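No hydrogens, no waters, no symmetry mates; every other heavy atom, side chains included, goes into these values. All values reported here derive from a predicted model rather than from experimental measurement.
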Amino acid sequence: MKELSQKRAPIYEALQEMQRMRLVPFDVPGHKRGRGNPELCALLGERCVGLDVNSMKCLDNLCHPVSVIRDAERLTAEAFGAAWAFLMVGGTTSAVQSMILTVAKRGEKIILPRNVHRSVMTAMVLNGAVPVYVDPECDDDLGISLGMRTDAVRRAVAENPDAKAVLVNNPTYYGVCSDLAEIVRIAHQAGMLCIADEAHGTHFYFGDGMPLSAMKAGADMAAVSMHKSGGSLTQSSVLLIGRAMQEGYVRQIINLTQTTSASYLLLSSLDISRRNLALRGREAFAGVVDLARYARSEINEVGDYYAFGKELVNGDSIFDFDETKLSVNTLDVGLAGIEVYDLLRDEYDIQIEFGDLGNILAYLSIGDRERDIERLVSALSEIRRLYKKSKAGLMKQEYIEPIVAMSPQDAFYAEKTSLPLRQTEGRICSEFVMCYPPGIPILAPGERITRRILDYIEYAKAKGCQMTGPEDAAIERLNVI
């Protein structure tokens, strides 16, 4: 096996060599290095469009890599401490779906928290796996779901010895981490696999003092969003596997759904970003943590807002906390998180990651600057001064325990009827309803619709949350069994 250094970026280097060759393109894409679409070229730049090329021998093929892509995967695995790494161009959604499709088949169980991303549930629609939910604890003051308690995981494993895997969020959208190492141990002792959704945990692999990463904890698979905190282009991601997994089989699963026309813009961005993190990630993420601590301190000085952090750690349902997540509770200002989100964007030209019913999340990473933090703090202070009111009548972002009546696949493909929202109470839902972001379903196919859920949906709509999922885009009707 040839020697490779983390200073290398094989895909990027191959693209540079291809450009030096001055190839005449009689292949796709049809814009022919931008000549056929000058408006696109003007928008993205001649160099960018010139790198939007198809798989060719000198650039390897993502579906069956044998040269530069395989080298890039090997370097990525080494950087993340994995047995192997797959470069993904369908986002972490594709990586999560590949994990689910790998570990379970129709009728087989996966133990997981209910506050999972929609990609987990859509994969179960595809392969017919059955969810066994471990209800997460909730923080009543903040109105957020926490991690999985180890005793709850242990109980679910004991009650479902035929389950194939346990899935863990590492971390949640808000930065909460479960005791991943202990959950891995519980799963492996029972002969189950442990897989991790690390969409928001790229930096765990490179920063000092970060929560434990999935690969270091001994997990079998992890889906990692390089484009979130790792700096690569949107839609680029990485799927990591441990030694218990078969690389060839996992690649077959990935190729069931992954495009055969992989974007070299995305692939090269993964390659370059991995190199950047391997060489400079430790220093970069130390700076992100310092920024987050500074922001948290300044926001809490404003009053009424609560930028929460490691003080929440309780050794179980909040085993650790990701300090880079600037999660802020807004209820004492008398505003829902989504209302603060809208004000920041519309009145102050500040785009944060999301707002829910009680919180906002400002996503900090390697591209942020201290002056941007100061602008955010100043805006939050002015919003409090101008818009503060009583919090009476505000609903918290709370966890509603699902009533699972059918498997997601059976419900999604069953004969269904469309009813006005309030007439669906007591029926079994056959589609998804969620606020996006964060993309955690309020309802998933196969779950019974309750009055509490309907109240929640109507309140979220009224507050301006971005609701997605149902066939009826206005969410005035739902499809039910």
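- Side-chain contact annotation: E374 with Y294, donor-acceptor N/O pair under 3.5 Å present.
- Checking H227 against S237 by side-chain atom types alone, no donor-acceptor pair falls below 3.5 Å.
- Remark: Q235 CD to T93 OG1 distance equals 9.5 Å, nearest 0.5 Å.
- Annotation: side chain of V302 is not in contact with side chain of L380 (no heavy-atom distance under 4.5 Å).
- R375 contributes atom CZ, which lies 5.0 Å from atom CD1 of I350 (distance to the nearest 0.5 angstrom).
- Put simply, the residue from N54, I69, L62 that forms a side-chain contact (heavy atoms from CB on, under 4.5 Å) with Y264 is I69.
- Rounded to the nearest 0.5 angstrom, N276 CG and M226 CE are separated by 8.5 Å.
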Practice prompt. Show the numbers, then the answer: is there a side-chain hydrogen bond (donor to acceptor under 3.5 Å, both in side chains) between S297 and N300?
Written response: CA-CA 5 Å; S297 172; N300 287 334; over 6 Å; no

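- Residue P408 comes nearest to P131 through the heavy atom pair CD-CD, 3.6 Å, listed as atom of the first residue, atom of the second, then distance.
- Between the side chains of Y341 and E353, no donor-acceptor pair of N or O atoms lies under 3.5 Å.
- Atom OH of residue Y173 and atom OG of residue S145 lie 14.5 Å apart, to the nearest 0.5 angstrom.
- Residues N169 and H117 have side chains that never bring a donor and an acceptor to within less than 3.5 angstrom of each other.
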Discussion item. Pair S225, T92 - check side-chain hydrogen bond (donor to acceptor under 3.5 Å, both in side chains), show working.
Written reply: CA-CA 6 Å; S225 280; T92 308; 2.2 Å; yes

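- Looking only at atom types and distance, the side chain of H203 has a donor-acceptor partner in the side chain of D322 under 3.5 Å away.
- Judged purely by atom type and a 3.5 angstrom limit, N160 has no side-chain atom pairing as donor or acceptor with the backbone of V132.
- Expressed to the nearest 0.5 Å, how far CD1 of I253 lies from CE of M221 amounts to 8.5 Å.
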Item to complete: Starting from the C-alpha separation in whole Å, work towards a yes-or-no answer on side-chain hydrogen bond (donor to acceptor under 3.5 Å, both in side chains) for S213 and E198.
Response: CA-CA 8 Å; S213 70; E198 286 191 311; 5.3 Å; no

Practice prompt. Would you please test H200 and N170 for side-chain hydrogen bond (donor to acceptor under 3.5 Å, both in side chains) and show each step?
Written response: CA-CA 7 Å; H200 301 278; N170 192 48; over 6 Å; no

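- What you find for V125 and P445 is that their closest heavy atoms are CG2-CG, 4.4 Å.
- Listed for the S381 side chain is no donor-acceptor partner under 3.5 Å among the backbone atoms of V377.
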Practice prompt. Start with the C-alpha distance between Y174 and F321, add both sets of side-chain angles, then the distance that settles ring-ring contact (aromatic ring centres under 6.0 Å, His included), and finish with yes or no.
Written response: CA-CA 9 Å; Y174 301 97; F321 188 85; 9.5 Å; no

Item to complete: Take N359 and T330 through the test side-chain contact (heavy atoms from CB on, under 4.5 Å) and record every step on the way to the result.
Response: CA-CA 5 Å; N359 304 276; T330 64; 5.9 Å; no

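- Residue L326 holds its CG atom at 9.5 Å from CZ of F308, rounded to the nearest 0.5 Å.
- The shortest non-hydrogen separation linking A307 to E311 is O-OE2, 4.3 Å.
- Remark: E159 pairs with no residue by the side chain to side chain donor-acceptor pair (under 3.5 Å) rule, at least two apart or across chains.
- Judged by distance alone, the side chains of Q16 and Y12 do bring a donor and an acceptor atom under 3.5 Å apart.
- Checked for salt-bridge contact, D135 and R114 miss the test: no charged N lies under 4.0 Å from a carboxylate O.
- Under a 4.0 Å N-O distance rule, the pair R74/E78 does not qualify as a salt bridge.
- Checked against side chain to side chain donor-acceptor pair (under 3.5 Å), D342 has the following partners two or more places apart in sequence or in another chain: R345.
- Remark: the E401 side chain and the Y133 side chain contain no N/O donor-acceptor pair separated by less than 3.5 Å.
- Here the closest non-hydrogen pair linking R275 and Q6 is CG-O, 3.1 Å.
- Here the closest non-hydrogen pair linking M124 and I100 is CG-CG2, 4.2 Å.
- Smallest separation of non-hydrogen atoms from I366 and G231: CD1-CA, 4.2 Å.
- Salt-bridge annotation for R282 and D208: present, with a side-chain N of the basic residue lying under 4.0 Å from a carboxylate O of the acidic one.
- A salt bridge links D320 with K310: the closest approach of a Lys/Arg side-chain nitrogen to an acidic carboxylate oxygen falls below 4.0 angstrom.
- With respect to M148, the side-chain contact (heavy atoms from CB on, under 4.5 Å) criterion is satisfied by exactly one of I183, D179, L167, L180: I183.
- In summary, E283 and R280 do not engage in a salt bridge, as defined by a charged side-chain N under 4.0 Å from a carboxylate O.
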